[in-house]
Number of protein chains: 2
Amino acid sequence: MAQKKLTADDAYRALHDKIIAGDLKPGAKLREVEIAESLGVSRTPVREALRRLESDGLLTHAPHKGAVVKQLDFQSISELYKIREVLEGTAAGLAARQMSEVEIAALYDMLPAQIEVKDNEVEASRLNKLFHRTICHGASNRYLIEMIDGLDLSMALLGRSTLGLEARKDQAISEHRKIIDAIAVGDAVEAEAAARKHIRSSHAARLKILLEDS
Amino acid sequence: MAQKKLTADDAYRALHDKIIAGDLKPGAKLREVEIAESLGVSRTPVREALRRLESDGLLTHAPHKGAVVKQLDFQSISELYKIREVLEGTAAGLAARQMSEVEIAALYDMLPAQIEVKDNEVEASRLNKLFHRTICHGASNRYLIEMIDGLDLSMALLGRSTLGLEARKDQAISEHRKIIDAIAVGDAVEAEAAARKHIRSSHAARLKILLEDS
DNA sequence: GCAACTAAAATTGTATACAATGTAATACAA
DNA sequence: TTGTATTACATTGTATACAATTTTAGTTGC
């Protein structure tokens with residue numbers, strides 16, 4: 001078999017994926033030797049991975065105390081959605097000015113798959129991310145892309161997707177369509193407004209989940 | 001004498017400051033052993049510092065090739081200012097809704113010092129950053145603060161401040177006052193508009209400097 | 001039984017040694 | 001002379017050894 005040599009980047013991705021998948025929940029402590037052994041590497045690359053995850057905002061790290069998966073409090077979640085609203089709105093507005101016909105067509109093409117996916121929260125979430133990423137890239141701004149990606153990562157700390165709520169799924173798709181429609185006609189103001197509204201209702205759905213779970 | 005033990009965090013700050021101060025210019029290659037020896041530590045903490053600077057966006061880093069101080073191209077600079085406009089505008093808008101009387105008074109108190117500073121680009125830049133940071137904190141959003149701080153860092157890669165231009169200094173102060181005025185009366189829309197305009201004219205000044213230097 | 005102190009174990013931080021990769025220089029052939 | 005291949009060197013990547021710090025467990029005194 002392959003047994004390809006693992007590197008720091010592999011360690012990063014492994015931990016990254018574990019956190020995203022919810023395998024490592026907020027509050028979980030990460031011990032370097034433990035991780036190193038489980039991955040079959042030394043502590044050095046593990047430490048590098050941990051530091052990257054820290055600057056990604058997925059871990060908190062106190063000197064001599066170790067790394068812990070970050071736990072978002074209520075206030076942080078509100079702040080997170082507020083900024084997401086601004087950035088996704090900006091992205092949609094820029095996309096309305098810059099996206100090409102084919103790119104817009106690609107957005108429309110994503111809708112059927114979003115509708116068809118049933119009771120598969122993971123896949124629904126993947127398609128949703130793809131949709132938002134496509135618009136974000138349509139804005140052609142590397143800093144914006146980086147920031148939204150960063151927020152998405154933090155979002156993963158919240159656990160299961162809001163698309164798990166059946167009602168939310170249909171609403172989200174309808175909102176997606178409105179965003180595309182505005183982009184398609186080059187209406188930046190409306191595209192931004194639609195995107196902001198979409199994030200706000202996503203926030204509302206999130207709050208519903210949080211209150212259910214508590 | 002003290003001879004305090006240096007740690008990874010110190011190495012980070014040392015390099016960080018050298019880049020900000022322009023001591024390490026874009027394009028400069030950073031060799032681990034060289035830095036380690038100059039700081040009197042081993043490569044381990046230096047590597048950690050380099051990785052942090054990389055995720056700060058101050059360095060680019062190719063595997064097995066080493067770290068280089070990032071060089072921003074024309075396109076990147078435009079994108080940088082575009083996002084700064086959005087974020088600083090958002091910050092000013094939120095600040096208009098949330099800042100307290102005393103905080104606003106503190107903003108007004110900063111203006112005289114900004115006016116008095118003469119031919120001291122470094123000090124002028126410091127006061128300017130302080131002003132923007134204060135508004136940013138007035139928005140009470142940790143993610144927003146983090147992002148604007150990150151953009152400020154990248155901004156440092158551009159070299160000397162736009163406040164070096166004599167005409168720009170007066171203009172900037174006038175714009176600062178307009179922003180505060182809007183915040184003081186709680187006019188979020190106007191505060192955002194004023195802040196965005198401020199960043200745009202800063203961008204214009206930046207372009208002037210860039211064209212002069214080339 | 002509880003509190004505080006002490007010691008030992010666990011864990012992170014740093015230094016160094018070794019491996020892998022990339023770069024540059026040199027030798028050789030066309 | 002130029003192009004290429006080979007080899008030596010420089011640099012980064014990983015593993016391990018050691019130091020510093022924190023946490024935990026145990027013991028002693030009250």
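Note on naming: letters A, B, ... go to the chains in the order of the sequence lines (proteins, then strands), and numbering restarts at 1 for each one. Computation of the quantities below employed the complete heavy-atom set of this structure, encompassing side-chain atoms and omitting hydrogens, waters and symmetry-equivalent molecules.
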Using a strict 4.0 Å threshold on nitrogen-to-oxygen distance, state whether [X] and [Y] make a salt bridge.
X: B/Arg200; Y: B/Glu88; value: no
X: B/Glu32; Y: B/Arg47; value: yes
X: A/Arg13; Y: A/Asp17; value: no
X: A/Asp152; Y: A/Arg133; value: no
X: B/Glu212; Y: B/Arg160; value: yes

For DNA chain C, find the residues of residues 59-66 of chain B with a heavy-atom distance under 4.0 Å and give them by number; none if there aren't any.
-> B/His64, B/Lys65

Which heavy-atom pair separates B/Ile209 from B/Thr162 by the least distance, and what is that distance?
-> CD1-CA, 3.7 Å

Earlier contact from the 5' end, DNA chain D, for A/Arg43 and A/Asp9 = A/Asp9

Which residues satisfy the ring pair (Phe, Tyr, Trp, His ring centres under 6.0 Å) test with [X], sequence neighbours excluded?
X: B/Tyr143; answer: none
X: A/His16; answer: A/Tyr12
X: B/His132; answer: B/His176, B/His198

Ordered by number, residues from residues 25-39 of chain A within less than 4.0 Å of DNA chain D (heavy atoms) are none

So, with a heavy-atom separation below 4.0 Å from DNA chain D, the residues of residues 44-55 of chain B are B/Arg47, B/Arg51

Could you grab the distance from atom CG of B/Leu157 to atom CG of B/Leu72, nearest 0.5 Å is fine?
-> 5.0 Å

Minimum-distance nucleotide (side-chain atoms of A/Ser42 versus D/dT16, C/dG13, C/dA17) | D/dT16

